[in-house]
Amino acid sequence: MKIATYNVNGVNGRLPVLLRWLNETTPDVVCLQELKAPQEKFPEQAILDAGYNAIWHGQKSWNGVAILARNAEIKEVRRALPGDPEDEHSRYIEAEVNGITIGCLYLPNGNPAPGPKFDYKLRWFERLRLHAAELFASSMPVVLTGDYNVMPTEIDAYKPERWVEDALFRPETRAAFKTLVDQGWTDAIRKLYPTETIYTFFDYFRDAYGRNAGLRIDHFLLSPQLASRLTAAAVDRNVRGWEKTSDHCPVWIELADE
DNA sequence: ATGTCCTCTCTTAGAGGA
């Protein structure tokens with residue numbers, strides 16, 4: 001089973017790119033972030049015509065997350081991260097597909113830091129940590145994937161010294177990610193490629209893609225039940241070179257059948 | 001500071017976010 005994550009940066013503006021990528025790579029499950037569309041403007045029919053069921057949680061202008069599945073039922077579990085009923089951002093949706101719990105997340109960017117946006121990022125991270133601990137304790141096969149807005153280590157950033165003050169790389173952010181992973185989760189890309197330079201995001205500025213000046217901020221965290229089934233993981237880097245493309249690349253994992 | 005690209009609006013230019 002192939003599971004992918006893709007921060008599309010506008011699901012309607014990016015629809016031709018999304019449909020082409022779905023058609024060419026046929027993942028079984030897809031987690032989307034940054035829909036940038038209200039609930040009623042999600043391109044459901046185009047997704048259905050492409051062969052995918054979908055659930056989504058939209059929001060006007062910002063955020064927005066979705067889970068797509070090909071030839072499988074999507075059983076929605078929740079469409080918000082527990083712990084703060086006041087939080088209006090559409091940043092988390094969770095479902096069961098083929099017996100696997102899929103958590104699709106869009107962690108806050110947090111810039112400028114320090115400041116209220118960075119505080120919100122760290123509070124959101126703490127809520128994720130608590131919810132992840134519950135999922136982990138359930139002994140279900142779980143994947144937590146999406147745009148974490150974190151470079152976990154220095155090898156995950158082009159010129160990391162330039163990012164030490166940034167919300168995506170500050171010590172508090174990296175520590176929060178490490179605390180989460182240390183619950184027992186497996187970072188799928190690093191499990192298979194411990195030291196390689198692998199990026200999932202390239203800024204639109206200054207031809208970052210052409211210069212390979214990227215960041216690794218889109219991640220797959222696997223529970224032990226799934227880590228043992230991991231057979232492949234990769235970034236669809238070429239998609240970043242397409243016309244009218246997102247600033248993120250799709251990332252995917254392959255799991256062996258039980 | 002800047003670069004680019006998305007979405008929305010007190011809309012065809014500018015603001016906010018990333």
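It should be emphasised that the depicted structure is a prediction, and the values quoted were computed from it without experimental measurement. Per chain, numbering begins at 1; letters A, B, ... match sequence-line order.
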DNA chain B stem ranges, 3 or more consecutive Watson-Crick or G-U pairs under 3.5 angstrom: B:4-9 with B:13-18
What residue pairs, at least two apart or across chains, pass side chain to side chain donor-acceptor pair (under 3.5 Å) with a residue in residues 224-235 of chain A? Ser223(A)-Gln225(A)
Side-chain ion pair, Lys178(A) and Asp182(A), N-O less than 4.0 Å: yes
Where the side chain of Tyr204(A) is concerned, which of dA18(B), dT7(B), dC5(B) is the nearest nucleotide? dC5(B)
Return the value, rounded to whole Å, for the distance between atom CG of Asn7(A) and atom C1' of dG17(B). 12 Å
Non-neighbouring partners of Lys41(A) that pass salt bridge (Lys or Arg N to Asp or Glu O under 4.0 Å), sequence neighbours left out: none
Output all residues satisfying salt bridge (Lys or Arg N to Asp or Glu O under 4.0 Å) with Arg91(A), sequence neighbours left out; order by chain, then residue number. none
Could Arg174(A) and Asp156(A) be called an ion pair, given the rule that one side-chain N must be under 4.0 Å from one carboxylate O? no
Checking side-chain polar atoms at under 3.5 Å, does Asn9(A) have a donor or acceptor matched by the opposite partner on Lys36(A)? yes
Short of 4.0 Å, heavy atom to strand atom, which residues of residues 150-157 of chain A count as contacting DNA chain B? none
Starting from P on dC8(B), measure out to CG on Asn63(A) and report it in whole angstrom. 12 Å
Partners meeting side chain to side chain contact (heavy atoms under 4.5 Å, CB included) with Arg20(A) (sequence neighbours left out): Glu24(A), Trp242(A)
Interatomic distance where NZ belongs to Lys36(A) and P belongs to dG17(B) [whole Å]: 11 Å
Student check: side-chain heavy atoms of Phe42(A) and Ile47(A) closer than 4.5 Å: yes
Check this for me: does any side-chain nitrogen of one of Asp28(A) and Lys2(A) sit under 4.0 Å from a carboxylate oxygen of the other? no
Is any side-chain heavy atom of Glu96(A) less than 4.5 Å from a side-chain heavy atom of Val77(A)? yes
So, does Lys117(A) get its side chain near the phosphate of dG17(B), meaning an N or O under 4.0 Å from OP1 or OP2? yes
With the threshold set at 4.0 Å, does a side-chain nitrogen-carboxylate oxygen contact exist between Arg127(A) and Asp87(A)? yes
Nearest to the Arg14(A) side chain among dC5(B), dA18(B), dC8(B), which nucleotide is it? dC5(B)
Taking only Lys NZ, Arg NE, NH1 and NH2, and the carboxylate oxygens of Asp or Glu, determine whether Arg129(A) and Glu126(A) approach each other closer than 4.0 Å. yes
Quick one, which residues of residues 205-214 of chain A touch DNA chain B with a heavy atom under 4.0 Å? Phe205(A), Arg206(A)
Closest-nucleotide ordering on DNA chain B, the 5'-leading residue of Lys41(A) and Asn149(A): Lys41(A)
Could you tell me the separation between the CG atom of Asp166(A) and the P atom of dA18(B), rounded to a whole number of Å? 12 Å
Expressed in angstrom and rounded to an integer, what is the separation of Phe202(A) atom CZ from dC5(B) atom C1'? 17 Å
Whole-Å distance between dA18(B) C1' and His89(A) NE2? 13 Å
Can a donor-acceptor pair be found, under 3.5 Å and without considering hydrogens, that links the side chain of Arg240(A) to the backbone of Tyr209(A)? no
Work out how far the C1' atom of dA15(B) is from that of dC10(B), and round it to whole angstrom. 12 Å
Please report the distance separating the C1' of dC8(B) from the corresponding atom of dG3(B), rounded so that it comes out in whole Å. 22 Å
How many Å lie between CH2 on Trp62(A) and C1' on dA18(B), as a whole number? 9 Å
Going by side chain to side chain contact (heavy atoms under 4.5 Å, CB included), name the residues that satisfy it together with Ala72(A), two or more places apart in sequence or in a different chain. Ala69(A), Val97(A), Asn98(A)
Looking at side-chain heavy atoms only, is the closest gap between Glu94(A) and Leu135(A) below 4.5 Å? yes
When the C1' atoms of dT11(B) and dG16(B) are considered, how many whole Å apart are they? 15 Å
Quick one, give me the B/S/- string for nucleotides 9-14 of chain B, reading 5' to 3', where B means a protein heavy atom under 4.0 Å from the base and S means that only happens at the primed atoms, P, OP1 or OP2. S-----
Would you please name every residue forming a side chain to side chain contact (heavy atoms under 4.5 Å, CB included) with Asp236(A), sequence neighbours left out? Trp21(A), Thr25(A), Asn238(A), Val239(A), Pro250(A), Trp252(A)
In numerical order, the residues of residues 241-252 of chain A whose heavy atoms come under 4.0 Å of DNA chain B are Lys244(A)
Closest-nucleotide 5' rank along DNA chain B - winner of Gly13(A) and Gly110(A): Gly13(A)
Glu165(A) meets the side chain to side chain contact (heavy atoms under 4.5 Å, CB included) criterion, sequence neighbours left out, with Arg170(A)
Here the distance between atom P of dC6(B) and atom CG of Asn12(A), to the nearest Å, is 12 Å
